[in-house]
Amino acid sequence: MFRCPLGTGFISTGWMELLKHFKKKLILFFITALFLFLVFNLKTPSIYNSTPKSSLPPSACSMRISEQTITPLNNTKHFLVSAYMDQRVKDFDIRIIGIFRRDSIQPLHCFFCCAGYLSETTPATILQHPDNYGFPFVTTDVMCQIPQNCNATYITLLTTPDKESPSTHPWLPIRNKDTAGQKEENMQFDFTVCISNLFGDYNNVLQFAQTLEMYKLLGVNRVVIYNTSCGAGLDRLLQSYSDEGFVEMVPWPIDKHMNPSRGWLHSEHGGDVHYFGQLTTLNECIYRSMERSRYVLLNDIDEIIMPYQHKDLMSLMNMLRNQHPNAGVFLIENHIFPKKHFEPSGRFHLPQWNGVPGINILEHIYREDPARNIYHPHKMIVRPRMVEWTSVHEVIKNFGERYKVPLDVCRIIHVRVALRRSLTLEQLNVDKRLWDFQETLIPNVDKVLKRVGMLKLTQN
């Protein structure tokens, strides 16, 4: 009579073991089912996303976004540089800046990514700049109209109106979208200097440091430089200014795409494009600065646009704008200070600069008068929103008036080889305008040269 309870105990224990085993299998079953459910649901969308449709999320515009400053355009001999929102010209919304081969112009079509879906194509209008100087390649603007209901974020160009796979074409981001229309006085910078091209082994470190520090004293906030190559010392200096945020370095590897000329005229200098693409970079810099700088100075690396009656550029421009409110282009005459003539006292032949490569502009105070019987070039201060096309010495297309600034108000200080080589020292003018800034300029130059390890330390 004791076996029945004992047997009941064995039965209960068996059931408990069976239930535990069943629970383990049930849990395993649910885990397996959940895993298969997740795998199935993760895989399924990729089947439907393989063919982009206008209602799909941004992945529908899966594309190859160009991170280059010079981008070859598929199925052409042309190159794209950048794209900007520009609605100043009737019936157009986007301006693409490029370098096109003049003998291979063909119809093109604008193709947009509209914040997540692909647009229909629209016909492109191709506008070659007139100043090609006989070279095969020329600065070219491609004008596009955005389709209705398209919030365009990227653009590319096609050789046929039929839409093609977006992943096979280089796409450019559309710039100036978010800032278009803001007031001039609210812009990030007052003055930007555009320096078009550095190439070869140019290494004029001292003059460049003096020029940039002089521009700081005059109120410049930003210097944009398009750099193909330069000497090691200048490269160090540029990197330092870039780290500081004063210089914006734009890589310009044009020699990787064509044979750029070192001169301005094809019949004399050969090559594929004028002066390493100088005309393209000047125009690109204007559009790059259009929505962030009130004024843009267009000059070379060894030139200083110097006010002679005002302490800085803003004081100068306030006066000029008050007198000429409709002007958008201010022409500044270039004046040569021959580097072969030195100030005789040697007061600015400073020992700490002896080992620094380049010209000491404070030592050159003798200025040529321009020859008035021949063409004399100018450089410019422009209001970028009022410029459409520029050349080196004058604006080609603009929306306002142009004003030639008198010599006694502003001129360019340009220390270089003499232009009028027959002039004697007695025939030159003494111009010590730079000396007005020497008390601040010299220590500032010393500071930047010390920062890059190029200042010669003197012993007391």
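Being a predicted model, the structure only gives us computed values, none of them experimental.
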Gap separating the CG atom of N334 from the CG atom of N299, nearest 0.5 angstrom: 9.5 Å

Looking only at side chains, do H349 and E363 share a donor and an acceptor under 3.5 Å apart? yes

Salt bridge D431-R433, side-chain N to carboxylate O under 4.0 Å: no

Could you measure the distance from the OG atom of S261 to the CG atom of D272? Nearest 0.5 Å is fine. 9.0 Å

Kindly state whether the ring of H414 and the ring of F337 have centres lying under 6.0 angstrom apart. no

Evaluate the ring planes of H129 and W389, with Trp represented by its six-membered ring, and classify them as parallel (under 30°), tilted (30 to 60°) or perpendicular (over 60°). parallel

Salt-bridge test for R416 and E303: reply yes if a basic N is under 4.0 Å from a carboxylate O, no otherwise. no

Under the side-chain hydrogen bond (donor to acceptor under 3.5 Å, both in side chains) test against T281, which residue among N197, T139, T69, T228 passes? N197

Point-to-point distance, once rounded to the nearest 0.5 Å, from NZ of K339 to NE2 of H341: 12.5 Å

Taking E343 first and then K432, would you say they form a salt bridge - that is, a charged N and a carboxylate O separated by under 4.0 Å? no

Mind listing the closest non-hydrogen atom pair of E184 and R385 along with its distance? N-NH1, 4.2 Å

Tell me if a side-chain donor or acceptor on W252 pairs with a main-chain N or O of F276 at a distance below 3.5 Å. yes

Residues Y84 and E284: side-chain donor-acceptor under 3.5 angstrom: yes

Sole candidate of R411, R372, R367 that passes salt bridge (Lys or Arg N to Asp or Glu O under 4.0 Å) when paired with E333: R372

Assign the ring pair F79 / F137 to parallel, tilted or perpendicular, where the plane angle (0 to 90°) is split at 30° and 60°. tilted

Y275 and W264: aromatic ring centres closer than 6.0 Å? no

Any carboxylate oxygen within less than 4.0 angstrom of a Lys/Arg side-chain nitrogen, looking at K216 and E244? yes

Just by distance, do the side chain of S119 and the backbone of F112 share a donor-acceptor pair under 3.5 Å? yes

Ring centroid separation for F135 and H266, is it under 6.0 angstrom? yes

Under 4.0 Å between a side-chain nitrogen and a carboxylate oxygen: does that hold for K379 and D300? yes

What residue among N176, V89, V142 forms side chain to side chain contact (heavy atoms under 4.5 Å, CB included) with R95? V89

Ring centroid separation for W171 and F111, is it under 6.0 angstrom? yes

Do R222 and E248 meet the salt-bridge criterion of a basic N to acidic O distance under 4.0 Å? yes

Here the gap from M214 atom CE to I305 atom CD1, rounded to the nearest 0.5 Å, amounts to 12.5 Å

